[in-house]
Every structure is written in structure tokens, then in C-alpha cells.
Amino acid sequence: MYTELNSILNTTPDSFTQGEFVLLSDRQSDASFLIHHFLSLYLRARCKVCFVGLVQSFNHYSAISQRLGVSLTQAKEKGQLVFLEGQKESLSVLIPQENDTGSQAMDFLRDPSVGLKNLYEFVRSAVSSNGEEGGDGSEEWGPPVLLVDDLSVLLSLGVSAGAVLDFSHYCRAIVCSQLQGNVVMLVRCDGEGEEDEGDDEGSERLMKGLTHQCSLTLHVQGLPTGYCRDIHGQVEVCWRRRQGDGQYTQKKLFQYKVHDKGASFFAPGTSSAVL
């Protein structure tokens, strides 16, 4: 959990906005450090967390969380964390084993045209329960949180952008609207964004659709001046709030540097607000 980022977002484990859909994105950079931040934040906040990890193994996320002062293993044992290891689940679908007890969440790999219904059902089941599974049932958790790292993987597995947007919409409906929890999703933008603009199944269409759904975006990109040893890149933070009959949008730009146990953020003074 990065305290400087919490200060920027006016968030702490004891005080955070509920019902938010947070979109993380990157272009020619790596926004994965933000996933680790929100994971550690919500676990410290005692939220019930469903983490769909489509990129890395559980051990990878666990090792980084350990450096941030959070134990994913303990969170799983207590029933606070439900983790879907996408790589492992994919293998169980593509190479079925006898007596396989894995979930059906990745069944779309057999036929991408069926969509992400089973993946959604996995999420719905995880966020609707409150500690009954995977623990002794004695602890009650706070509002549910869904984290997905990252949605772009679904495109590479043959799922259409429309199906991914439907999945995010239904997840937002149950987690944010019905249960007053939060959703955090990461999506990666292609380097050639302009060329993808006419591609209905591309990451640009997915990015635009998710932007319309979310209330907060954090977009990570490299420095326009190129590589710098002391600054790793910049993050554009955009808040979207309804105000009267319209929407109020505020943007701020921060430069950052990721350390082994945290991140530093520097504000170059760029800010804008649009009604």
C-alpha cells in the first residue's frame, strides 16, 4: 500500500469511497504496481476481496504483497481473499485431469463464443459470501471488492471486446450497485492506439467502453521526454462525478518512481477540470 497514492486519492484503509469502479490502464509502461497497491489497501481495510489473477501466479502476487506488509496466504486461510489463478485454471480446462476439482470459470477457453457467464458466476459467488468459505466462519468482512489483472488477457484468449464489456458491466452492477463494494480492473492499451481505433475487437474499444463505466481512472504511461533514472513514468488520475444533470471531470498528472516497498509520487502541477 502506497501512502502517497492514498493521499492523492484521499483514501485510507479506514476511509474509502464505496460503490466505485476504478479503471487502471497503461500504454508502453507497466501499471501492475497499482494492482498491488489496491490489493493491499482493501485487505488492510478488511474487505472481502475476490482477485481474478489472469497474468501471474498466486506466489507472484503473494511475494510482492509480503513486501508491502500483507499476507495473501493468511487472507485466503481466513476466507477474506478468494483468488482465481488464471494460468492454473486455464491448464485444467485445456488439459483436463482425472478427478479435477477446479472451477468452471475459464470454460470459455473451450469455446470463446459462449462468453464469460461462468467467470461472472465465480465472481458473484465469491463477493456474495462473507467469510463462510475458506475460514472458520467467525469473522465478518467489510464491503466486497473485485480486482482483475488484467482484462486485456481475455481479448488475447479469443473473447470479444463486447463480451468483456458485458462482463465488467454485470460485475459493476452486483459489486458496486447492489453490494456497495468496489471494482478495480486493469487493462493494457496497445502502443499503436490510433491504428486500433477502427478495430471493434481491439483493446482501444475495450478501453473506451470501460472508461464510460468507471468513476476513477489511473492511466500510467512513460515520460514524454523518454527514459529517466530518477522518475519511472507518469500517472494521469481522472475523477468522474455526476453533478446536477451533467458530469464533472477532474484530471491531475503525477510523476512517479516505484521502490521495492512503495512508490513516490511527484506532482508537476498539471491539473484540469471539465464540466
Side-chain angles (χ1 to χ4, degrees), residues 1-27 29-42 44-45 47 49 142-151 165 168-169 171-173 175-189 193 203-204 206-224 231-258 262-275:
M1 183 180 67
Y2 306 147
T3 55
E4 289 188 22
L5 180 56
N6 281 341
S7 178
I8 291 170
L9 301 178
N10 195 26
T11 297
T12 69
D14 299 320
S15 176
F16 58 89
T17 303
Q18 294 180 224
E20 275 204 324
F21 179 12
V22 182
L23 177 62
L24 313 177
S25 63
D26 59 35
R27 188 185 297 278
S29 192
D30 185 5
S32 59
F33 71 96
L34 294 176
I35 280 285
H36 300 296
H37 165 77
F38 282 102
L39 176 60
S40 61
L41 168 69
Y42 289 123
R44 288 177 183 272
C47 294
V49 177
V145 172
L146 168 64
L147 289 93
V148 182
D149 180 21
D150 72 83
L151 279 180
L165 287 171
S168 66
H169 171 77
C171 288
R172 182 170 62 97
V175 178
C176 300
S177 300
Q178 184 176 331
L179 300 175
Q180 284 300 294
N182 289 351
V183 172
V184 181
M185 294 183 173
L186 172 65
V187 62
R188 301 193 183 281
C189 305
S203 61
E204 292 299 320
L206 177 61
M207 177 65 182
K208 290 176 181 177
L210 291 170
T211 300
H212 285 297
Q213 295 182 18
C214 72
S215 54
L216 172 65
T217 61
L218 289 86
H219 181 64
V220 178
Q221 53 193 335
L223 294 172
I231 299 176
H232 289 159
Q234 59 188 25
V235 181
E236 182 185 72
V237 183
C238 179
W239 293 266
R240 293 177 174 82
R241 297 284 186 270
R242 294 207 172 275
Q243 185 169 308
D245 295 330
Q247 180 173 272
Y248 175 80
T249 300
Q250 182 182 18
K251 294 182 180 181
K252 289 187 178 181
L253 190 65
F254 300 88
Q255 296 174 342
Y256 73 91
K257 180 176 183 179
V258 178
S264 296
F265 290 82
F266 317 96
T270 303
S271 177
S272 62
V274 180
L275 277 174

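All residue numbers refer to positions in the sequence shown, counting from 1.
- If you take OG on S168 and CG on L206, they are separated by 7.0 Å, rounding to the nearest 0.5 Å.
- Counting heavy atoms from C-beta on, the side chains of V184 and Y42 come closer than 4.5 Å.
- In this structure, the ring of Y256 has its center less than 6.0 angstrom from the ring center of F33.
- Between N182 and G19 the shortest heavy-atom distance is OD1-N, 2.9 Å.
- Taking 4.5 Å as the limit, some side-chain heavy atom of L5 sits within range of a side-chain heavy atom of L218.
- Taking CG of L146 as the reference point, atom CE of M185 lies at 5.0 Å (rounded to 0.5 Å).
- Smallest separation of non-hydrogen atoms from S25 and A31: O-CB, 3.8 Å.
- Scanning both residues, P13 and A45, for their nearest heavy atoms gives O-CB, 3.2 Å.
- Within the 4.5 Å cutoff, the side chain of C176 has no heavy atoms near those of the E20 side chain.
- Between S29 and R188, the shortest heavy-atom contact is O-NH1, 4.2 Å.
- Atom CE of M207 sits about 11.5 Å away from atom CG of L165, to the nearest 0.5 Å.
- At least one side-chain heavy atom of C214 sits under 4.5 Å from a side-chain heavy atom of R240.
- Residues D14 and T12 have side chains that never bring a donor and an acceptor to within less than 3.5 angstrom of each other.
- Using a 4.5 Å heavy-atom cutoff, the side chains of V175 and F21 are not in contact.
- Looking only at side-chain heavy atoms (C-beta outward), L216 and L9 come within less than 4.5 Å of each other.
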_Set out, in order, the CA-CA distance, both residues' side-chain angles and the distance that settles side chain to side chain contact (heavy atoms under 4.5 Å, CB included) for L23 and V187, then state yes or no._
CA-CA 8 Å; L23 177 62; V187 62; 3.8 Å; yes
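- Separating the CG atom in D26 from the NE2 atom in H219 is a distance of 7.5 Å, to the nearest 0.5 Å.
- With values rounded to the nearest 0.5 angstrom, L24 atom CG is found 11.0 Å from L210 atom CG.
- The CZ atom of F38 sits 8.0 Å away from atom CG of N6, with the distance rounded to the nearest 0.5 Å.
- No side-chain heavy atom of H232 sits under 4.5 Å from any side-chain heavy atom of D30.
- Scanning both residues, G181 and P143, for their nearest heavy atoms gives CA-CB, 4.1 Å.
- Contact check for T11 versus T17: no side-chain heavy atoms found under the 4.5 Å cut-off.
- Shortest non-hydrogen contact noted between E204 and R27 is OE2-NH2, 3.0 Å.
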